[in-house]
Structures are given as structure tokens and as C-alpha cells.
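Notes follow once the structure below has been shown.
Treat the numbers as computed from the prediction; the structure is a model and nothing was measured. FYI, side chains are in, hydrogens and waters are out, and symmetry mates aren't considered; it's all heavy atoms of this structure. First the proteins, then the strands, lettered A, B, ... as listed; each starts at 1.
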Amino acid sequence: DAMVIQNPRYQVTQFGKPVTLSCSQTLNHNVMYWYQQKSSQAPKLLFHYYDKDFNNEADTPDNFQSRRPNTSFCFLDIRSPGLGDAAMYLCATNIGRGGRFKNEQFFGPGTRLTVL
Amino acid sequence: GENVEQHPSTLSVQEGDSAVIKCTYSDSASNYFPWYKQELGKRPQLIIDIRSNVGEKKDQRIAVTLNKTAKHFSLHITETQPEDSAVYFCAASRNSGYALNFGKGTSLLVTP
């Protein structure tokens, strides 16, 4: 009964070759996030959606784009991956409504991206 | 924006001892403080959280304390076991927003 699913779990791409990472959720949560986590570092928020409203972090490079076609799915597009983009990419969700579980984030298993 | 500082960056304890990890935050509007445990190659998992209307919360061997005046919160693990070895992240968030600001993490090693 996986709740936040990420595909693929491992992705290898070439320098400059566009890549798309996928996240889906069965929780019916309003908010979906994409984080980048490099080795031995904290997760770094790239952007999040509240429903269809897109919220970009100020320091997220233009190379990173996102799409959320419906409540369940969210995609991370890296237009021209560089060596520095190799990392674990984590998707997370938040119920986004009031109540006991407001603010709690549920993480997916991550996609490890390698750039050759 | 919010700045979350976490100390120490590494912590080594013997099995059965206690471990304490401390975090400070800068945004007085922050009112939600979760702690995540991340094992190597795995997702961060929420282990305990506290809201600003509570000073302390306990769940078996894990407890979190919050001092709003001083803007710091701490994770306490008692009777540590080797399976507690992992990286622990603190975070802070505003009630009105949905972003978590993470500390840099503490690598905890529990030796038998």
C-alpha cells in the first residue's frame, strides 16, 4: 500500500540530455513537493504545488521545471542535466488542509539520478 | 527566510546511552517542528513532531522538547540501539505555509 511512489528509482542520463522524473500519490493530498538531496546534505526544496498553484523557490535553477497534470501526479523535468545535478530527488506530499496532520510531509522513496 | 541550525553534525554513542540533538530556528512565526530519520539510501521518515502550543512530547524512547522563547528544540533518544544509527534531520515550518526548512542533519552512530 505504497502512498508516495516515484519512478524510476534509478535514472542514468547523459550530460545535457533531458530527463523526467515521476511521482504519484494515493493520499489525495493537495500539496506535492520536489526536493533535491545531495550526498550528506539536507533535502533542498526546489518547488511545490498547492493544487495547481505552482510555488518556485527563489534559488531553483531555470533548468528545473515541474508539471502537475492532476492531483495524483507530479513530474520533475530537468531540461539539460549537468554533472552537478546528480543527486537523490525526493517527492513529498502534504494534506494541505487544516486538522491534526496539517504540515506533516510524506516522502517517496526517491529517484537517484546519475549524470554521465 | 527561516534558518535552521542543527548540532552536532556527527554523534557517536554506546548502545544504551542517551543521544541529544539540538536545533535552533530564526523565524518566530514557525510553529511546527518535525524530526526525520533517514537511513542510508532510504527516504526520510517522520519519527516525532511538535507544535508550538506544546513544550514536550514523548513517544517511547524518543522525546522532543521545544523552547519557544529561546527558539530551540531538541531530540532526545534514550536507551539507544544500533538500529537507531542514521542521519536525523530537524525542520521548522510555519502554519500558514507548506515548506519545511531543514537543518543540515546529524549522523548518529550507536556502537554495540
Please report the closest heavy-atom contact between A:Ala42 and B:Gly103, naming both atoms and the distance. CB-O, 3.1 Å
Approximate separation, where rounding is to 0.5 Å, of A:Phe107 CZ and B:Leu46 CG: 9.5 Å
Against chain A, label B:Gln38 side chain, backbone, both or neither, depending on which of its atoms sit under 4.5 Å from a heavy atom there. side chain
Does B:Ile47 belong to the same Ile/Leu/Val/Met/Phe/Trp/Tyr cluster as A:Tyr35, with side-chain heavy atoms less than 4.5 Å apart forming each link? no
Is it true that, when you exclude B:Gln81 itself, more than 12 heavy atoms of the residues, nucleotides or ligands shown sit nearer than 6.0 Å to its CD? yes
Do B:Leu75 and B:Tyr25 share a hydrophobic cluster (ILVMFWY, side-chain heavy atoms under 4.5 Å, transitive)? yes
Which residue out of B:Pro44, B:Gly105, B:Ala91, B:Ser9 racks up the most heavy-atom pairs below 4.5 Å with chain A? B:Pro44
If Ile, Leu, Val, Met, Phe, Trp and Tyr residues are connected whenever their side-chain heavy atoms lie under 4.5 Å apart, and connections chain through other members, are A:Val115 and A:Trp34 in the same group? yes
For B:Leu40, I'd like to know if atom CG has over 12 heavy atoms of other residues, nucleotides or ligands within 6.0 Å. no
Select one option (side chain, backbone, both, neither) describing which atoms of B:Leu100 are under 4.5 Å from chain A's heavy atoms. both
Is there a side-chain contact between B:Phe89 and A:Gln37, using heavy atoms and a 4.5 Å cut-off? yes
Can you hop from A:Leu76 to A:Leu45 via hydrophobic side chains spaced under 4.5 Å? no
Answer key: most heavy-atom pairs under 4.5 Å with chain B among A:Gly110, A:Pro109, A:Ser40, A:Ala58 is A:Pro109
Chain A contact via B:Pro34 - which portion, at a heavy-atom distance below 4.5 Å: neither
